[in-house]
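Data first, discussion second: the structure below is written as structure tokens.
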Amino acid sequence: MTDDVWTRWPSREALSRVGVHQARRVLAWVTRAIVLAMLVATTLTNSELGGWAVAGGIAGVAVSGLLAWGFWRTTLEHRLPVSLALLALLLAVAVAGYGAGFRVPSLVLLCGCAVAAIERLPLAAALPATAVALGAYAAFDNDVWLTTAATAAGLALAGYVLRLDAEARASAQRLLVQERAAHAAEAESAALAERARIAREIHDVLAHSLSAQLVHLEAARLLIERGADRETILERVVAARGMARDGLAETRQALSALRGEMSPLEDFLGELVATADRAGVTVTGERQPLPAEASQAVRRVAQEALTNVRKHAPGAEIHIRLDYGEHEVTLDVRDSGGKPGELSGSGAGYGLLGMRERAELLGGSLDAGPGEEGFVVTLRVPV
């Protein structure tokens, strides 16, 4: 881990302008422009130098700008040898400028090299480069040694603070990217879950409706094969037509439920038993609004249970009990039993299996089996 600390580059996010506010970018460019203007003004106002020397100084400022830009690019790409070479050229320009009489621009360039090295290079390379730059600064500076030492320490500290600030910004940027990716994944997962819920709702509605129609159409077929009278056959066909009409109504109701426009559960059960012979419903407990998934599960199980009674025990008495508990709602559908109908073998037998899967997805359970008299279906769904 120690080797990693010394040889690890600052992250690319820290070395780039990613995540930097526009105001901060403008401030940085204004600062650079002011420093560059001061260097040029200092060079032009140096009365001790001739015209050619001043022109050479301005050229040195331009070359230093190009080298600094190259250093910024190569450190961004984590190219250590080239970065060190460019930094060495910058130090050479500073030394040459000092030798040519441009003392202030050279000292500023040495300070910039020291700060940039410790801010943008791996520490193993930054510390020696910073030491060389600050050593040259101390050698060229005319202030008392205490001031020079304080300035050098302050520059090193400023470079390290800038490094830490850039890393903190980079960490925040990476967290932001991860958060956005997590939100995108969560939204995609929610969309997939919603599609699965819609598919399940439509499937349950169609399965129930078509199964009920199949009961009557199969009965009509058997009656025709046995040569039953026209009125009896017509009765079955009319019943199948009614099931088709009810299926359309249930499909509309399912679509309304998906839009959050469901009728109260008690009203739905009341309408459901009104279409069946010898059926009743009882509601106990403190009534409360249920989540859409739980309400739909109760509705579908009640429909499936009544369809099964029509198929397996036609004419049996049916009682539905809906109990609102503190933490769950319980639907109990039981019939009085009876002689199996002619269509008891029709259908694939997947209705209650699908209802059980729906209940388990909601964290509930569905039990179905013989009771004291007939068949009992019990659904429990947490709320």
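Position 1 is the first residue of the sequence, and the numbers go up from there.
A heavy-atom distance below 4.5 Å is not found between the side chains of Phe71 and Val82. For the pair Tyr160 and Asp165, the minimum side-chain heavy-atom distance is 4.5 Å or more. When side chains are defined from C-beta on, Glu317 does not count as touching Asp335, because their heavy atoms never get closer than 4.5 Å. By the 4.5 Å heavy-atom criterion applied to side chains, Thr282 and Ile320 are not counted as neighbours. With a 4.5 Å cut-off on side-chain heavy atoms, Leu269 and Glu266 do not count as touching. Contact check for Val281 versus Leu272: no side-chain heavy atoms found under the 4.5 Å cut-off. The closest side-chain heavy-atom distance from Thr148 to Tyr137 is below 4.5 Å. His327 has its side chain out of reach of Pro382: every pair of non-hydrogen atoms, C-beta onward, lies at least 4.5 Å apart.
Across Leu134 and Ala156, no two heavy atoms sit closer than the pair CD1-CB, 4.2 Å. Of all non-hydrogen atoms in Ala220 and Val237, the two that sit nearest each other are CB-CG2, 4.3 Å. Across Ala316 and Val309, no two heavy atoms sit closer than the pair CB-CG1, 4.3 Å. When all heavy atoms of Asp323 and Gly285 are compared, the closest pair comes out as OD1-N, 4.1 Å. Of all the heavy atoms in Ala129 and Ala117, the pair that sits closest is CB-CB, 4.0 Å.
Judged by distance alone, with hydrogens and angles left aside, the side-chain atoms of Ser189 form no donor-acceptor pair with the main-chain N or O of Ala185 at under 3.5 Å. For the pair Ser171 (side chain) and Glu167 (backbone), a donor-acceptor distance under 3.5 Å is present. Checking side-chain atoms of Thr151 against main-chain N and O of Thr147 turns up a donor-acceptor pair under 3.5 Å. Between the side chain of His78 and the backbone N or O of Pro10 there is at least one donor-acceptor pair closer than 3.5 Å.
Note that Arg299 lies in the cation-pi zone of Phe268, set by a 6.0 Å cut-off to the ring centre and a 45° limit from the axis.
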Might you work through the side-chain contact (heavy atoms from CB on, under 4.5 Å) test for Ser365 and Arg356, ending with a clear yes or no?
-> CA-CA 7 Å; Ser365 63; Arg356 181 174 288 107; over 6 Å; no
Can you list the steps and then say if Arg180 with His183 is a side-chain contact (heavy atoms from CB on, under 4.5 Å)?
-> CA-CA 5 Å; Arg180 288 174 177 172; His183 284 321; 5.6 Å; no
Test side-chain hydrogen bond (donor to acceptor under 3.5 Å, both in side chains) applied to Thr330 and Arg321, step by step = CA-CA 8 Å; Thr330 302; Arg321 183 174 64 87; over 6 Å; no
Given Leu379 and Val381, is the side-chain contact (heavy atoms from CB on, under 4.5 Å) satisfied, shown in steps?
-> CA-CA 7 Å; Leu379 170 71; Val381 179; 3.7 Å; yes
Should Tyr98 and Leu110 be marked as a side-chain contact (heavy atoms from CB on, under 4.5 Å) after you check the CA-CA gap, both sets of side-chain angles, and the distance that decides it?
-> CA-CA 10 Å; Tyr98 185 84; Leu110 289 172; over 6 Å; no
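Taken to the nearest 0.5 Å, the CG atom of Leu290 stands 7.5 Å off from the CG atom of Leu322. A distance of 14.0 Å separates CZ of Arg230 from CG of Leu223, quoted to the nearest 0.5 Å. For the atom pair OG1 (Thr75) and CG (Leu80), the distance works out to 10.5 Å, reported to the nearest 0.5 Å. Atoms CZ and CD1, on Arg226 and Ile233 in that order, are 11.5 Å from each other to the nearest 0.5 Å. A distance of 9.5 Å separates CD of Glu235 from CG of Asp229, quoted to the nearest 0.5 Å. Summarising the geometry, atom CG belonging to Leu164 is positioned 10.5 Å from atom CD belonging to Glu119; distances are rounded to the nearest 0.5 Å.
Under the salt bridge (Lys or Arg N to Asp or Glu O under 4.0 Å) criterion, Arg334 pairs with Asp332, not counting sequence neighbours. Residues meeting the salt bridge (Lys or Arg N to Asp or Glu O under 4.0 Å) test with Arg221, sequence neighbours left out: Glu218, Glu225. For His319, there are no ring-ring contact (aromatic ring centres under 6.0 Å, His included) partners, not counting sequence neighbours.
Both Ile118 and Trp6 are members of a single hydrophobic cluster when ILVMFWY side chains are connected at heavy-atom separations under 4.5 Å. Linking ILVMFWY residues whenever their side-chain heavy atoms come closer than 4.5 Å, directly or via other members, leaves Leu90 and Leu107 in distinct clusters. With hydrophobic clusters built from ILVMFWY side chains whose heavy atoms lie under 4.5 angstrom apart, Trp9 shares a cluster with Leu87. In the hydrophobic cluster analysis, where Ile, Leu, Val, Met, Phe, Trp and Tyr join through side-chain heavy atoms closer than 4.5 angstrom, Val301 is grouped together with Val273. When the side chains of ILVMFWY residues are joined at heavy-atom separations under 4.5 Å, either directly or via intervening members, Leu362 and Leu265 end up in a single hydrophobic cluster.
Every pair passing salt bridge (Lys or Arg N to Asp or Glu O under 4.0 Å) that includes a residue from residues 61-78 is listed here, sequence neighbours excluded: Arg73-Glu77, Glu77-Arg79.
A salt bridge links Asp367 to Arg380: at least one charged side-chain nitrogen sits closer than 4.0 Å to a carboxylate oxygen.
Each of Leu86, Val132, Leu67, Leu109 was evaluated against Leu91; a single residue qualifies, Val132, per the side chain to side chain contact (heavy atoms under 4.5 Å, CB included) test.
In the hydrophobic clustering (ILVMFWY side chains linked at under 4.5 Å, chained through shared members), Leu361 stands by itself. Grouped by direct or indirect side-chain proximity (heavy atoms under 4.5 Å, Ile/Leu/Val/Met/Phe/Trp/Tyr only), Leu234 sits with Val238.
With 3.5 Å as the limit, one finds no donor-acceptor pair spanning the side chains of Arg120 and Ser83.
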